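Here the structure is laid out as structure tokens; the discussion comes afterwards.
Atom set for the values below is all heavy atoms of this structure, side chains included, hydrogens, waters and symmetry mates excluded. Order of the sequence lines fixes the chain letters, A, B, ..., with proteins taken first and strands second; residue numbering starts at 1 for each chain. What you see is a predicted model; the values in this text were computed from it and never measured.
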Amino acid sequence: MALTLMKGSEAIAEAAIRAGARYFFGYPITPQTEIPEYMSARMPEVGGCFLQAESEVAAINMIYGAAGTGARAITSSSSPGISLKQEGISYCAGAQLPCVILNVMRGGPGLGNIQASQGDYMQGVKGGGNGDYHLLTYAPASVQEAIDIMMFAFDKAEQYRVPVLFLADGIIAQMMEPVEMPEMVDFKIDPEKKPWACTGWKPGDDPAKRGVINSIYIDTESLTEHNEVLQTVYKEIVANEQKWEYYNTEGAEFIITAFGTVARIAKSAIDELKKEGVKVGLVRPISVWPFPYDAVREAVMADSVKAVLDVELNEGQMLQDVKLAINGAKPIDFFGHYGSQMPTVDEVKAKIISMKEGK
Amino acid sequence: MKKIYILIGNYGSGKSELALNFAFQAAETGRTELIDLDMVNTYFRLTERGKMVRQKEIRLVSPNFACSGIETLSLPAEVASAFALDWDTVVFDVGGDAVGSTALGRYHSDFAALEPGQLEVLNVVNIRRPLSGTVEKIIRLQEEMQVHSRLQITGMINNTNLATMTGPDDLRDGYEILKEVSDRTGIPVAYTTGRQELLDQFLSEGHDPKYIGKPMAIDIYMKRDWESYIHSLS
């Protein structure tokens, strides 16, 4: 296995190119500016287009245009920039445009700071923009996992005609880890597979083959029909695309729920607690929409489990989904910091010990 | 005689780590100044280890506002102390790639005024980094950095590693690639660097000393916070 040492931002950008992305539109913002920086050097090498847009709003609308041709297009930003993109994201969802959006989350609200955060969970999975839509949303916990998800993200986006969102905390983009980079995918726009795409209809061509990219449906019935199509797709995604990881759940006395980098902190705490004789397991949602409710519930409902601890780098946003999954069947507690200050292994351990002692 | 070491190289090749090691070793025997000349990034810079540097009685020069959260770096006038004051050793840690080495150009006349043998311009190479993975990429980057820095690279450092997952293959593969770079460019391999046990193993394998240069065991000071709290890859 040929390993290279890559920074998360570089690795995510390279993986996107290898997955067939040939259009990158974005605007710099810490802690993900290395993504556009890398793209600016790499896109010309593969015959792609890197464009630094005049704003995040412009960038997401360029994605709308590029994705409308059936090309693989990607944009990246960090929390405040993703907030600016929300209108365009809703439009992409409404127009059923496959594309990939990267959110490298930083501390908020507002400008917050440039340190890592998980404070955009709600924005990512519960809406963000207007209307009844969802984004297929993944939360990688390592640089390698971010690469691996990227390698199928465009396939999933195209299969369901939905935007895919990466919710990565700042650590994932900034840290360097040894990774294995997959081979380049040979992607070409296939008008047969994407009959909806605008691939160059000319007067005189079959009118039925004219692509129209649109999210406006003026009359009542057609908007309802359109929304029913979207909801049918979302139901399929919920049925087929839940991803999660179990760690040491067998015989666990406590279950920790966490995503992204925080889940790796939790794993370190779980290993140390195991040495001290405390059995703790982890359920780590990898897809956060669709949220793996059944997987969480199944782990928690085991007889050995006394209680659940949700750990996040926010005030407890995924906590709401964990509560829905458990539906009051077992006690649940929360530990976290607001964005920018990472929870430590010792803090997670101390919280579990205090739960065990019934405090 | 004052000796000046300039560490340039691909982003993430280990320049700051080596700059600390060069400076700490020099400080054992002489008056040492360490200059953080990374004008590219506001974070992941050796000034983050400033307390440790000053404890070893090394004079540290950092860009204005480094590590303050302000994202506007500027060169401090204090860099002139490298040339004006009487040091035994000065180590420059420079930003990554050609863009990083541009900051050196401003000191062209100061470097040009040095006596022969006073200056070592060292290209730190980690072939596990994607933009330094092949002979061609290393040569191209080396040429760009020379143009931007207005300096001739006098030697390369084989610092091939995979961070916490570094193994015995890494220095060996770096050796093979830098051997070819050296033969093609005439630039010697000046140092081979790594943690003591990995370096010892590499040296015991009987490679041509011409392409090893001076072996230098290093300690790791630039550990990232997350290495202490995240679960390692398995």
Would you say B/R129 and A/T4 make side-chain contact, with heavy atoms under 4.5 Å?
no
Are there more than 12 heavy atoms of other residues, nucleotides or ligands under 6.0 Å from atom OH of A/Y27?
no
Heavy-atom pairs under 4.5 Å with chain B are the metric here; pick the option from A/M175, A/K7, A/E34, A/M6 that has the most.
A/M175
Below 4.5 Å from any heavy atom of chain B, which atoms of A/M342 appear? Answer side chain, backbone, both or neither.
side chain
Partner of A/P178 under side-chain contact (heavy atoms from CB on, under 4.5 Å), picked from B/N161, B/D170, B/L162, is B/L162
Okay, B/N126 and chain A: the region with an atom under 4.5 Å from a heavy atom over there is side chain
Report which part of A/Q174 has an atom under 4.5 Å of a heavy atom belonging to chain B: side chain, backbone, both, or neither.
both
Interface check, chain B: of A/I171, A/V345, A/I265, most non-hydrogen pairs under 4.5 Å belong to A/I265
Looking at B/L75, I want to see if its CG is surrounded by more than 12 non-hydrogen atoms of other residues, nucleotides or ligands under 6.0 Å.
yes
Side chain, backbone, both or neither: which part of A/D346 has a non-hydrogen atom closer than 4.5 Å to chain B?
neither
Does the pair A/M176 and B/F44 meet the rule for a side chain to side chain contact (heavy atoms under 4.5 Å, CB included), with working shown?
CA-CA 11 Å; A/M176 275 192 173; B/F44 302 148; over 6 Å; no
Taking atom NZ of B/K137 as the centre, does the number of heavy atoms from other residues, nucleotides or ligands within less than 6.0 Å exceed 12?
yes
Sub-4.5 Å side-chain heavy-atom contact between A/E14 and B/P130
no
Checking B/R128 against A/L3 for the side chain to side chain contact (heavy atoms under 4.5 Å, CB included) test, could you report, in this order, the C-alpha distance in whole Å, the side-chain angles of both residues, the deciding distance, and whether it holds?
CA-CA 7 Å; B/R128 298 292 186 234; A/L3 291 173; 5.7 Å; no
How long is the straight-line distance from CD1 of B/I127 back to CG of A/L5, given to the nearest 0.5 Å?
11.5 Å
Neighbour count above 12 (heavy atom, 6.0 Å) for A/E250 CD:
no
Is it true that, when you exclude A/E183 itself, more than 12 heavy atoms of the residues, nucleotides or ligands shown sit nearer than 6.0 Å to its CD?
no
How far does OH of B/Y11 sit from CD of A/E10, to the nearest 0.5 angstrom?
7.0 Å
